[in-house]
Amino acid sequence: MPNDPDPPPAKRFKPGSVFFRQHKNKPGMLLPRKGHVTTPIDVQRKQLPIYQAKPQLLNQLRQLHNAILIGETGSGKTTQIPQYLYEAGIGRAGIIAITQPRRVAAVSLAGRVAEEKRTPLGKLVGYTVRFEDVTSSETKLKFMTDGMLLREAIGDPLLLRYTVVVLDEAHERTVHTDVLFGVVKTAQRRRRELNKIPLKVIVMSATMDVDLFSEYFNKSPVLYLEGRQHPIQIYYTKQPQSDYLQAALVSIFQIHQEAPPSHDILVFMTGQEEIEALARTCRDIAKHLPDGCGPMVVIPLYASLPPTQQLRVFQPAPKGSRKVILSTNIAETSVTISGIKFVIDTGMVKAKRFNPDSGLEVLAVQRVSKAQAWQRAGRAGREDSGSCYRLYTEPEFDNLIPMTVPEIQRCNLASVMLQLMALGIPDVMNFDFMSKPSPEAVRSALEHLELLGAVERKEGQVFLTALGKKMASFPLEPRYAKTILLSPDYSCSEEILSIVSLLSVDTVLFNPPARRDEVLAARKKFSSSEGDHMTLLNIYRAFKKVSGNKEWCRENFVNSRNMGLVKEVQAQLKDICLKLNLKLESCGADTGNVRRCLAHGMFVNAAELQPDGSYLALDTHQPVAIHPSSVLFQGKPAYVVFNELLHTSRCYMRDLCLVDADWLLDAAPEYFGRKLHPTKS
DNA sequence: GAGCACTGC
């Protein structure tokens, strides 16, 4: 570890030149289990690059309250730093927490460290993620998701159980990590003021853009870790490409004809449809290649692919064949594939943007950031030297934005604001964010919470109401939490808990386009004229009636894994309801009550039929339409509440529930007094 | 009559 951190290695990398990345060995969700390990574990630990720096590192970390640590993931920093601290007796008075953006990472890292410490998981070393807490009173090294630590902070804003908090993968800038920055900084200051045991905060990043981190944590020192590095050659196109898919196709086959067949290719693209189309084209072309050109195995990779198909990316291609993986940005961080020699980067990504005025989130194809382009390139140099073909010119690269905009600046802030207030932050409008969201986004979130009755304004300040405090105890979007809290008034908590659980997981329904007619026929049995919520509820009830029978799921195009998740979520929500002393009962066949409750809870998402047959969203007065996937698509209900707006070719409402105008008026008389135009019903 | 990047509590 050099004492002079300047210039950081990455800043020396010039586009187009050879640059170096170190060896990575990050456990990924789908990383296949290692076979047998021949090197003893304590020898392995000493072989890690970080081991050389241990004395200086400990010396620094002992003294510092804040430190920023740069090193590639898997240089050993995530597994070793917590052990070094513990072994040196630093932070022994409490627990050392290490946060991760992803569950799988928290779980597998804990497993690895427990193995290295030769202790059973859940004793000295443990982990906590949603639905799973493998810790005990003996646990001193605790791996957890960033969201989990945030949730704990609501009950204990000073984080008094912890003496050290390590925020890992900070460069990813998830909403949770960004909020945690502020939470740990506040906790640190308050603990000092209250003469409590100090809190040490270590921020770990794999990228060099740490000026912000250092500045934010009182100009804290930045420590650099070097790792094992492999050179990667970067290539740019000579001309801008108008069709990146065509360019990708050409590049794939150019490499295929020139490189040894054992060298696999990873192509970064934007989404499922594009990936499947290019996969078909590649397979077609590969059939008619000249002699001397080996066969090609084309494998798509994206998150919505069933897990068994995702695992295919890890199977080596048959001898003499080349593996070509067409992937979304899931392969940037979540899935780690070995053997990649070539990366082809289209330079494009599909990402969500949020418009606070309309409250609309739009999924759009856009250019990657420079940091993202480097991350993609790095995937070619994990075991050995590699190449990255960028399907754009060097000047185009120079014009990319340096960093991906942190998620907190492009998402709906309603949940974040509610959580901050539940944490007892006095002035949420001026919370000390590392990267401030726009004032419009903050204002819009607070207005939303005010409409739901979660906050009140007094003399220009906002306060959490008793209702808001209860809402914050649910791991849900505020409007869902509100709906649950209203449900006892309508004697339908059981039904609402099921519906909210169904809505809070990824879809529980399969829709294979090739079997469209079968899907429609199967779905018809559960279809309700009252809307999609009630239809989902019917499916869930049927699922429970057959005890989740797999055969039944297949016949009815129901995703049994996600249904299992629904049950877990429901159990968790029920638990919270019991702690809040909510009355849990079922309304049985009287589903009108369920719809009344949904209308009351979701009134901000209401739409009204216009005389010309179109719909207007009542809050923003923008034109909206019923999504063709809705069971209400054929009908023309006068009033509906909807779950979300999807902006594609039009602005579509998804997951609709039929409601009465009167119910909406009852829910928010003032709000609707000026918006509703009830026609004779 | 349409189509969904990726996480997480």
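Chain letters run A, B, ... following the sequence lines, proteins first, then strands; residues in each count from 1. Scope of the values below: all heavy atoms of this structure, side chains included, with no hydrogens, waters or symmetry mates.
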Peer 1: Please name all residues satisfying ring-ring contact (aromatic ring centres under 6.0 Å, His included) with F510(A), sequence neighbours left out, ordered by chain then number.
Peer 2: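 Expected list: none.
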Peer 1: Tell me: CD1 of I275(A) to C1' of dC6(B), nearest whole Å?
Peer 2: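 So the two atoms are 12 Å apart, to the nearest Å.
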Peer 1: Could you state the atom-to-atom distance from CG of N562(A) to P of dT7(B) in whole Å?
Peer 2: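 To the nearest whole Å, that distance equals 12 Å.
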Peer 1: Taking only residues two or more places apart in sequence, or in another chain, which ones meet T507(A) in a side-chain hydrogen bond (donor to acceptor under 3.5 Å, both in side chains)?
Peer 2: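 Partners of T507(A) under the side-chain hydrogen bond (donor to acceptor under 3.5 Å, both in side chains) test: none.
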Peer 1: Distance-only, no hydrogens or angles: does the S614(A) side chain make a donor-acceptor pair with backbone N or O of Q610(A) under 3.5 Å?
Peer 2: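 Pair absent, no side-chain N/O of S614(A) close to backbone of Q610(A).
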Peer 1: Compare the minimum distances between each of dA5(B), dC9(B), dA2(B) and the side chain of H627(A), then state the nucleotide with the smallest one.
Peer 2: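 Comparing dA5(B), dC9(B), dA2(B) against the side chain of H627(A), the answer is dA2(B).
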Peer 1: Under 4.0 Å between a side-chain N or O of T145(A) and OP1 or OP2 of dC9(B)?
Peer 2: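 Answer yes for this pair, as a side-chain N or O of T145(A) is under 4.0 Å from OP1 or OP2.
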Peer 1: If the threshold is 4.0 Å, N to carboxylate O, is there a salt bridge linking K142(A) and E152(A)?
Peer 2: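 Salt bridge between K142(A) and E152(A), a charged N being under 4.0 Å from a carboxylate O: yes.
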Peer 1: What integer distance in Å separates D575(A):CG from dC9(B):P?
Peer 2: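 Atom CG in D575(A) sits about 16 Å away from atom P in dC9(B).
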Peer 1: Any side-chain N or O of T333(A) less than 4.0 Å from the OP1 or OP2 oxygen of dT7(B)?
Peer 2: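 So the side-chain polar atoms of T333(A) never come under 4.0 Å of the phosphate oxygens OP1 or OP2 of dT7(B).
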Peer 1: Among residues 467-484 of chain A, which contact DNA chain B at a heavy-atom distance under 4.0 Å?
Peer 2: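 Within this stretch, P475(A), L476(A) sit under 4.0 Å of the strand.
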Peer 1: With sequence neighbours left out, which residue pairs that include part of residues 520-529 of chain A fulfil the salt bridge (charged side-chain N to carboxylate O under 4.0 Å, His left out) condition?
Peer 2: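 The answer is none; no pair qualifies.
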Peer 1: Please list all pairs passing the salt bridge (charged side-chain N to carboxylate O under 4.0 Å, His left out) test where one or both residues lie in residues 499-515 of chain A, with sequence neighbours left out.
Peer 2: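 Salt bridge (charged side-chain N to carboxylate O under 4.0 Å, His left out) check on residues 499-515 of chain A returns R515(A)-E518(A).
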Peer 1: Please list residues of residues 404-411 of chain A whose heavy atoms come under 4.0 Å from any atom in DNA chain B, ordered by number; otherwise none.
Peer 2: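 Residues of residues 404-411 of chain A that come under 4.0 Å of DNA chain B do not exist, since none gets that close.
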